[in-house]
Visitor: 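Input: one structure, supplied below.
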Amino acid sequence: FDNTTGTHSDGLQTDDQFNMWNGSLSQYNWKLLGKKEMYIPYDSYALERDGLAPRQIVRAHHINQSLARYELHRVWVVQATLKKGIRDMFSKQVFYLDEDSWNIALADWYDDRGDLWRVGQGYLKDFYDIPSTSYALYTINDLTSGRYIAMNIVSGIPSKAEKYPDAMFTPANLRRVGFR
């Protein structure tokens, strides 16, 4: 069994599900099922609105849907089926990758009986200062227990990130502070 329970997840997330997928590619047979249009979480800026506390996001069975936004997007559907002789929590995984950003927007995880067990939603937004598209947060819902986890909530949490001067990253400075 290769899944390790994710830190602070109460068993609702494995390390393989970090940021929707972080697993070993070699354990699964991969198949591209095609492209289709779906409503996916997108432009999720309201989930990181200034002054928003985590308790305003988290609700009993799902996040506060008045803060969620969905758009019709083209997605690539990719299926991962567990290889014979390999043990894992999930016998099959289906990922829906946003065609524009190539991030996983939605995921379905199946148990060893082939039943849909968990579903994930990655609430995508553009990070213009990086530039990149990533998750404002993501959720994993366990359909058997009725519980869910919301990961990467940063609203209401003071940032400890420092703004470093551009001069810090010049080749000359990196040679000066670097070591071998």
Side-chain angles (χ1 to χ4, degrees), residues 1-25 27-48 54-83 86-125 133-155:
F1 220 65
D2 207 22
N3 295 99
T4 303
T5 301
T7 305
H8 305 295
S9 71
D10 197 27
L12 290 172
Q13 175 186 332
T14 67
D15 287 342
D16 287 355
Q17 293 172 294
F18 177 74
N19 275 344
M20 304 290 282
W21 170 258
N22 190 43
S24 170
L25 296 173
Q27 292 183 315
Y28 288 87
N29 293 313
W30 294 86
K31 184 176 181 181
L32 180 62
L33 299 181
K35 184 170 37 171
K36 66 187 214 173
E37 285 190 327
M38 294 179 69
Y39 284 94
I40 63 171
Y42 217 81
D43 287 338
S44 301
Y45 299 101
L47 291 165
E48 292 185 347
R55 70 184 177 322
Q56 293 172 286
I57 298 171
V58 177
R59 294 293 186 249
H61 301 285
H62 50 77
I63 68 165
N64 183 347
Q65 289 299 292
S66 69
L67 299 171
R69 184 171 190 279
Y70 296 83
E71 290 183 6
L72 186 61
H73 270 247
R74 287 182 304 274
V75 296
W76 286 97
V77 183
V78 178
Q79 178 179 288
T81 307
L82 193 62
K83 288 183 177 178
I86 303 288
R87 293 186 57 205
D88 195 274
M89 288 177 64
F90 307 115
S91 64
K92 181 173 78 171
Q93 304 181 59
V94 180
F95 301 104
Y96 303 86
L97 287 75
D98 170 42
E99 183 183 57
D100 296 329
S101 69
W102 292 103
N103 283 285
I104 298 171
L106 302 168
D108 297 331
W109 293 285
Y110 293 80
D111 63 18
D112 58 0
R113 295 181 312 269
D115 294 331
L116 183 60
W117 179 17
R118 294 181 176 170
V119 294
Q121 294 188 67
Y123 294 85
L124 296 168
K125 69 169 241 181
T133 300
S134 191
Y135 305 111
L137 64 88
Y138 65 94
T139 60
I140 298 172
N141 292 71
D142 185 316
L143 303 177
T144 304
S145 70
R147 300 180 317 141
Y148 83 104
I149 188 168
M151 300 297 289
N152 293 356
I153 295 176
V154 297
S155 289

Visitor: To the nearest 0.5 Å, what is the distance between CG on N64 and CG on L47?
Guide: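 Going from CG on N64 over to CG on L47, the span is 8.5 Å.
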Visitor: Does the side chain of Q65 reach to within under 4.5 Å of the side chain of Y70, using non-hydrogen atoms?
Guide: yes
Visitor: Rounded to the nearest 0.5 Å, what separates atom CE in M38 from atom CG in L106?
Guide: 5.0 Å
Visitor: Please determine which of Y39, Y42, Y96 meets the ring-ring contact (aromatic ring centres under 6.0 Å, His included) test together with H73.
Guide: Y42
Visitor: So which of Y28, Y110, W30 actually passes side-chain hydrogen bond (donor to acceptor under 3.5 Å, both in side chains) with Q93?
Guide: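 Only one option passes, and that is Y28.
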Visitor: Would the number of heavy atoms belonging to other residues, nucleotides or ligands and lying under 6.0 Å from NZ of K83 be above 12?
Guide: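 Above 12, so yes.
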Visitor: Once side-chain contact (heavy atoms from CB on, under 4.5 Å) is applied, do any residues pair with T139, and if so which ones, sequence neighbours excluded?
Guide: I63, Q121, Y123, L137, N141, Y148, A150
Visitor: Identify the residue among W109, W102, F95 that makes a ring-ring contact (aromatic ring centres under 6.0 Å, His included) with W21.
Guide: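 That would be F95.
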Visitor: Looking at R59, I want to see if its CZ is surrounded by more than 12 non-hydrogen atoms of other residues, nucleotides or ligands under 6.0 Å.
Guide: yes
Visitor: Run the salt bridge (Lys or Arg N to Asp or Glu O under 4.0 Å) test against D43 and tell me which residues pass, sequence neighbours left out.
Guide: R69
Visitor: What is the minimum heavy-atom distance between I104 and Y135, and which atoms define it?
Guide: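 For I104 versus Y135, the nearest heavy atoms are O-OH, 2.7 Å.
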Visitor: What are the two closest heavy atoms between S44 and A136, and how far apart are they?
Guide: O-CB, 3.7 Å
Visitor: Got a second to check how far N29's CG is from I86's CD1, nearest 0.5 Å?
Guide: 9.5 Å
Visitor: Is there side-chain contact between V77 and V94, with heavy atoms separated by less than 4.5 Å?
Guide: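 Yes; the side chains approach each other to less than 4.5 Å.
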Visitor: Mind checking whether F90 and L82 have side chains closer than 4.5 Å, heavy atoms only?
Guide: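 Not in contact.
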Visitor: If I take atom OH from residue Y138 and atom CE from residue M151, how far apart are they, to the nearest 0.5 angstrom?
Guide: 4.5 Å
Visitor: How many angstroms lie between atom CZ of R74 and atom CG of L97, to the nearest 0.5 angstrom?
Guide: 14.0 Å
Visitor: On a heavy-atom basis, which atom in L67 and which in Q56 lie closest, and how many Å separate them?
Guide: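 Nearest pair, atom of L67 first, then Q56: CD1-O, 3.6 Å.
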Visitor: Just by distance, do the side chain of W76 and the backbone of L32 share a donor-acceptor pair under 3.5 Å?
Guide: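 No.
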Visitor: So, for M89 and R118, which heavy atoms are closest and what is the spacing to 0.1 Å?
Guide: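 Result for this residue pair: CE-NH1, 3.9 Å.
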Visitor: Might you point out which heavy atoms bring P41 and A105 nearest each other, and give the distance in Å?
Guide: CD-O, 4.1 Å
Visitor: Is it the case that the side chain of N103 and the backbone of T133 share a donor-acceptor pair, with hydrogens and angles ignored and the cut-off at 3.5 Å?
Guide: yes
Visitor: For D112, give me all partners under salt bridge (Lys or Arg N to Asp or Glu O under 4.0 Å), at least two apart in sequence or on another chain.
Guide: none
